[in-house]
Protein chains: 2
Amino acid sequence: MPPTDGEAERKIIPQAVIKRLSLYSRILQDLELENVEKISSADLGRRLGFNSAQVRKDLACFGQFGVPGFGYYVSDLRKNLRSILGKDRTVRVILIGVGNLGSALISYHGFTKQGFKMMWGFEAQPEAATQRVRSEVPIYHVDELESKIQGESVDIAVLAVPATEIQSIAERVVAAGVKAILNFVPARIEVPEEVQVRYVDLALELESLSYYVR
Amino acid sequence: MPPTDGEAERKIIPQAVIKRLSLYSRILQDLELENVEKISSADLGRRLGFNSAQVRKDLACFGQFGVPGFGYYVSDLRKNLRSILGKDRTVRVILIGVGNLGSALISYHGFTKQGFKMMWGFEAQPEAATQRVRSEVPIYHVDELESKIQGESVDIAVLAVPATEIQSIAERVVAAGVKAILNFVPARIEVPEEVQVRYVDLALELESLSYYVR
DNA sequence: GCAAATTTGTGATTGTTTTCACAAAGGGCG
DNA sequence: CGCCCTTTGTGAAAACAATCACAAATTTGC
Ligand SMILES: NC(=O)c1ccc[n+]([C@@H]2O[C@H](COP(=O)([O-])OP(=O)(O)OC[C@H]3O[C@@H](n4cnc5c(N)ncnc54)[C@H](O)[C@@H]3O)[C@@H](O)[C@H]2O)c1
Ligand SMILES: NC(=O)c1ccc[n+]([C@@H]2O[C@H](COP(=O)([O-])OP(=O)(O)OC[C@H]3O[C@@H](n4cnc5c(N)ncnc54)[C@H](O)[C@@H]3O)[C@@H](O)[C@H]2O)c1
């Protein structure tokens, strides 16, 4: 008998594949609104600039969703992708640091549209922040971080605090049980390796553009 | 005589290399402030989680900057990287759409710190935007886009308008001669292929995190 | 000023991702 | 109902990227 991995049968899927699945999912969302019933891998690829084989290979990581000679049922594939991406339930998000950037993020409706639930904001100066932002998301003092999270589980923490605070805030959200971080602060954070971290680094994007236009 | 490419001797450098060069450049900036004189590829790599050979290979795309048995002179390498990245002159940036997100971007000091110059904001409702934002960057009506750009050249346009407007705005900035776009709007834009486009897609990042925590 | 210790720059190697290409599956039209 | 056409799923090949490993160059310490 070959050694099975037990329940860890799911092989490691590259991040790039997951990002593309998200893109597929969004196209399918649009198609469903337009009442389009089916789509081929070639069409789906064309809309995003990918090769059709790439689309099929990406999907093949998770099973067989297509119908040969026909394509994919939009609604069916969308359902599957949502489930794969963990979006078949509400994904709970918090924001730490409701300053200039955080104020925009906390009231961003693109979140909700994609099925995320922005639970709370946390701030060193919650009064000033509450005044600044017009949004239904409650903003608490950062001291309440641990007690709030304890009550209800949180999936993802979005960080937009000053660079000096980032490591200590990261440690606090991790200690409180958060397993994924989206970091807008241009500084590397040290966290246990089971915690997923994504960096959004604006200046980096600008610099790479700067290279190509100089 | 082998066919030379004329002045197009510069081979195509992958985007990933350029991003890493930016990261190196930022580390070197910090080191210079700390008056560190030299650094090895191994040290530089360690600070970013890269292999030392990767660092050397990346740099080798552009020349020989190191001293065997010694390492790299911080200030020297930094100067070279800035020049490679096109940062040895002011890089001129404009922002279109000074709403929730744009308001944060227009007054972001991380820009300036990395040598970018935010020239102007353009808005459909410039009065409201000016009121909202406390920043020295002037905000004009979007109708003035073409005439302003005509006078002084612009390197990069940052787009943060509603999704419905994105294609038309993209076409206008391209027609006005802008060669690089940083797009925060989650919608693909059609532009001539010589125009460089980067997408910053927040919901995509959240979704990929969502997969790993589900 | 010489030998030992470093560290670069780079060809070779390994690993990963994308693309190709085609057999097999299924739908649709006559 | 059956044949033809389309499109999937997937091994094989190609392209691309990261890592290894080592000769060559240079510093450092004695
Ligand atoms: N503004 C932008 O467009 C932008 C773009 C990219 C990245 N960033 C990064 O995002 C971060 C925030 O930028 P910003 O422009 O919003 O700055 P900001 O100063 O406006 O916002 C920071 C907020 O964090 C709060 N804060 C400080 N310490 C805190 C703590 N310990 N816990 C909770 N809240 C705390 C402050 O009160 C403030 O409201 C920075 O690290 C910046 O580099 C900003
Ligand atoms: N708010 C966020 O945190 C966030 C995050 C990621 C992406 N985005 C994207 O960024 C874009 C802007 O988001 P937002 O939250 O700032 O929305 P917003 O409505 O607050 O801002 C859009 C601004 O663009 C202006 N505008 C409209 N048409 C224009 C035109 N033709 N020319 C110039 N300006 C015009 C509006 O007056 C408004 O001020 C959206 O596409 C959104 O999906 C926003």
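Evaluation of the side-chain hydrogen bond (donor to acceptor under 3.5 Å, both in side chains) test over residues 55-76 of chain A, restricted to residues two or more places apart or in two chains, returns A/R20-A/D58, A/Y24-A/D58, A/S41-A/R56, A/S52-A/R56. Pairs engaging residues 166-177 of chain A under the side-chain hydrogen bond (donor to acceptor under 3.5 Å, both in side chains) rule: A/E146-A/R172, A/Q167-A/E171 [sequence neighbours left out].
Remark: A/S210 pairs with no residue by the side chain to side chain donor-acceptor pair (under 3.5 Å) rule, at least two apart or across chains. Applying the side chain to side chain contact (heavy atoms under 4.5 Å, CB included) criterion to A/N51, with sequence neighbours excluded, gives A/A53, A/Q54. Applying the side chain to side chain contact (heavy atoms under 4.5 Å, CB included) criterion to A/S107, with sequence neighbours excluded, gives A/S135, B/N100. Residues passing the side chain to side chain contact (heavy atoms under 4.5 Å, CB included) test with B/P14 are B/V17, sequence neighbours excluded. For B/E193, there are no side chain to side chain donor-acceptor pair (under 3.5 Å) partners two or more places apart in sequence or in a different chain.
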Would you list the atom pairs, donor with acceptor, under 3.5 Å between side chains in residues 30-40 of chain A and any protein atom, with sequence neighbours excluded?
{"residue": "A/E32", "atom": "OE1", "partner": "A/R78", "partner atom": "NH1", "Å": "2.7"}
{"residue": "A/S40", "atom": "OG", "partner": "A/D43", "partner atom": "N", "Å": "3.2"}

Could you list the donor-acceptor pairs under 3.5 angstrom formed by side chains in residues 111-123 of chain A, with sequence neighbours left out?
{"residue": "A/Q114", "atom": "NE2", "partner": "A/Q29", "partner atom": "OE1", "Å": "3.1"}
{"residue": "A/E123", "atom": "OE1", "partner": "A/Q125", "partner atom": "N", "Å": "2.7"}
{"residue": "A/E123", "atom": "OE2", "partner": "A/V98", "partner atom": "N", "Å": "2.9"}

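A donor-acceptor pair shorter than 3.5 Å can be found between the side chains of B/R198 and A/S208.
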Could you go through nucleotides 12-14 of chain C and list every protein N or O atom that sits under 3.5 Å from one of its N or O atoms, giving the distance for each pair?
{"residue": "C/dA12", "atom": "N6", "partner": "B/K57", "partner atom": "NZ", "Å": "3.3"}

All N/O contacts under 3.5 Å from nucleotides 14-16 of chain D to the protein, with atom names and distances to one decimal?
none

Q | Protein proximity profile, nucleotides 21-30 of chain C - base contact B, sugar-phosphate-only contact S, no contact -, cut-off 4.0 Å on heavy atoms | A | B---BSSS--
